[in-house]
Amino acid sequence: MSARARLYTEMVTTGAVLHGPRERLLGFSDLEHPVALQLGGSDPAELAQAARIATDFGYDEVNLNVGCPSDRVQEGRFGACLMREPALVGGCVAAMKAAVSVPVTVKCRIGVDDQDPEAALDSLADAVVAAGVDGLIVHARKAWLQGLSPKENRDVPPLDYGRAARLKRRLPGLPVSVNGGLRDLAAVRSQLDAVDGVMVGRAAYTEPALLLDVDPALFGVPAPAADAFAAVAAFEPYVASVLARGERLHAVTRHMLGLFNGRPGARAYRRHLSTYGMRPEADLATLRDAVALVARAAPEARAA
């Protein structure tokens with residue numbers, strides 16, 4: 001649906017990369033390029049080793065997570081709690097940069113708990129810039145490590161896009177992207193005068209068809225697929241390859257449930273895949289039957 005959007009994996013810990021089932025955790029299709037691996041960890045040597053493994057798998061970028069607020073992450077001394085240790089983050093970035101030739105980036109918050117966002121973000125940015133970081137992705141809200149769940153940390157602390165913009169003005173040579181609460185391309189475009197890029201998470205997952213507008217609206221080139229129906233047709237060979245290696249259809253289609261949101265028949269499509277896609281015998285015909293339930297009349301225009 002977009003040849004220009006860069007995909008990021010979920011966070012994978014260094015321990016999982018070094019000791020876990022790598023092909024299952026890190027494997028991806030060539031169709032997904034450009035794609036970045038997001039790592040969780042705080043040991044520079046382990047991060048460097050994991051980054052080398054990532055490049056062996058063909059990733060285009062390695063990203064260090066300094067933003068996840070979960071209890072498990074805090075116990076492992078990585079994620080958002082590293083906002084309090086900018087020197088350590090700088091050391092991690094330096095080790096990763098020395099190990100690989102692909103870009104090394106950091107995703108962070110503007111601060112945690114009672115930190116002053118001005119000082120906290122500047123300290124982190126200065127440390128990673130000194131280490132040679134290739135870009136910073138700023139989730140433009142604080143993380144509260146005590147008292148809020150990870151889910152609440154994605155919504156409750158107020159957003160401050162201006163903080164990311166001020167960082168970009170202070171460090172004009174640092175590529176800065178902003179993340180958090182951006183639900184459509186109108187919101188995305190509103191940020192691009194102030195920063196270099198935008199990361200969209202939940203909106204792209206729950207309403208993936210918005211990606212069809214990325215290339216024409218932001219880059220002035222046609223989308224690879226004319227519409228969501230054409231995208232599914234182009235996706236079928238990949239689905240067939242997943243089924244051929246013994247995975248169930250649901251492993252793929254559970255990520256496609258929001259693809260036709262806004263069209264008549266979208267609910268029937270979701271229900272069909274949720275009901276039949278999990279069955280052992282589910283195959284491409286199951287997916288096609290679900291798509292056939294969706295009206296092909298154009299939906300109301302998405303905000304762009």
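FYI, the numbering just counts along the sequence from 1.
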Participant: Are the side chains of Lys107 and Tyr8 in touch, meaning some heavy atoms are under 4.5 Å apart?
Facilitator: no
Participant: Any side-chain heavy atom of Arg170 within less than 4.5 Å of one from Asp126?
Facilitator: yes
Participant: Indicate whether the side chain of Asp134 and that of Thr105 have a donor and an acceptor atom separated by less than 3.5 Å.
Facilitator: no
Participant: Looking only at heavy atoms, which two atoms of Val112 and Ala80 are closest? And how far apart?
Facilitator: CG1-O, 3.4 Å
Participant: Do the non-hydrogen side-chain atoms of Thr55 and Ser101 ever get within less than 4.5 Å of each other?
Facilitator: no
Participant: Are the aromatic rings of Phe57 and Phe28 close, with centres under 6.0 Å apart?
Facilitator: no
Participant: How far apart are the closest heavy atoms of Met83 and Gln115, and which atoms are they?
Facilitator: O-NE2, 3.5 Å
Participant: Taking the basic N atoms (NZ, or NE/NH1/NH2) and the acidic carboxylate oxygens, is any pair closer than 4.0 Å for Glu118 and Arg166?
Facilitator: yes
Participant: Any side-chain heavy atom of Pro69 within less than 4.5 Å of one from Arg109?
Facilitator: yes
Participant: Ala164 and Val176: which non-hydrogen atoms are nearest, and at how many Å?
Facilitator: O-CG1, 4.1 Å
Participant: Looking at side-chain heavy atoms only, is the closest gap between Leu25 and Val17 below 4.5 Å?
Facilitator: no
Participant: With under 30° as parallel and over 60° as perpendicular, where do the rings of Tyr269 and Phe260 fit, or are they tilted in between?
Facilitator: perpendicular
Participant: Is it the case that more than 12 heavy atoms not belonging to Tyr276 sit under 6.0 Å from its OH atom?
Facilitator: no
Participant: Within a 6.0 Å radius of atom CZ on Arg267, are there more than 12 heavy atoms belonging to other residues, nucleotides or ligands?
Facilitator: no
Participant: To check you understand the geometry: which heavy-atom pair defines the closest contact between Leu37 and Ala54, and what is its length?
Facilitator: CD2-CB, 3.5 Å
Participant: Between the side chain of Ser274 and the main-chain N/O of Arg271, is any donor-acceptor distance below 3.5 Å?
Facilitator: no
Participant: Within a strict 4.5 Å, meaning less than it, do heavy atoms of the Asp122 and Leu171 side chains meet?
Facilitator: no
Participant: Val104 vs Leu64, test: side-chain contact (heavy atoms from CB on, under 4.5 Å). Steps then yes/no.
Facilitator: CA-CA 8 Å; Val104 174; Leu64 177 62; 5.8 Å; no
Participant: What pair of heavy atoms forms the shortest contact from Pro117 to Lys142, and how long is it?
Facilitator: CG-CE, 3.8 Å
Participant: How long is the gap from CZ on Arg248 to CZ on Arg279, to the nearest 0.5 Å?
Facilitator: 11.5 Å
Participant: Flag yes if more than 12 heavy atoms outside Glu10 fall under 6.0 Å of its CD atom; otherwise flag no.
Facilitator: no
Participant: Are any non-hydrogen side-chain atoms of Tyr161 and Asn179 less than 4.5 angstrom apart?
Facilitator: no
Participant: So, for Ala87 and Ala127, which heavy atoms are closest and what is the spacing to 0.1 Å?
Facilitator: N-CB, 4.5 Å
Participant: Between Arg84 and Asp113 (salt bridge meaning N to carboxylate O under 4.0 Å), is one present in this structure?
Facilitator: yes
Participant: Assess whether a salt bridge exists between Asp60 and Arg6, defined as any Lys/Arg side-chain N lying under 4.0 Å from an Asp/Glu carboxylate O.
Facilitator: no
Participant: Given side chains that start at C-beta, do those of Cys108 and Val138 come closer than 4.5 Å, heavy atoms only?
Facilitator: yes
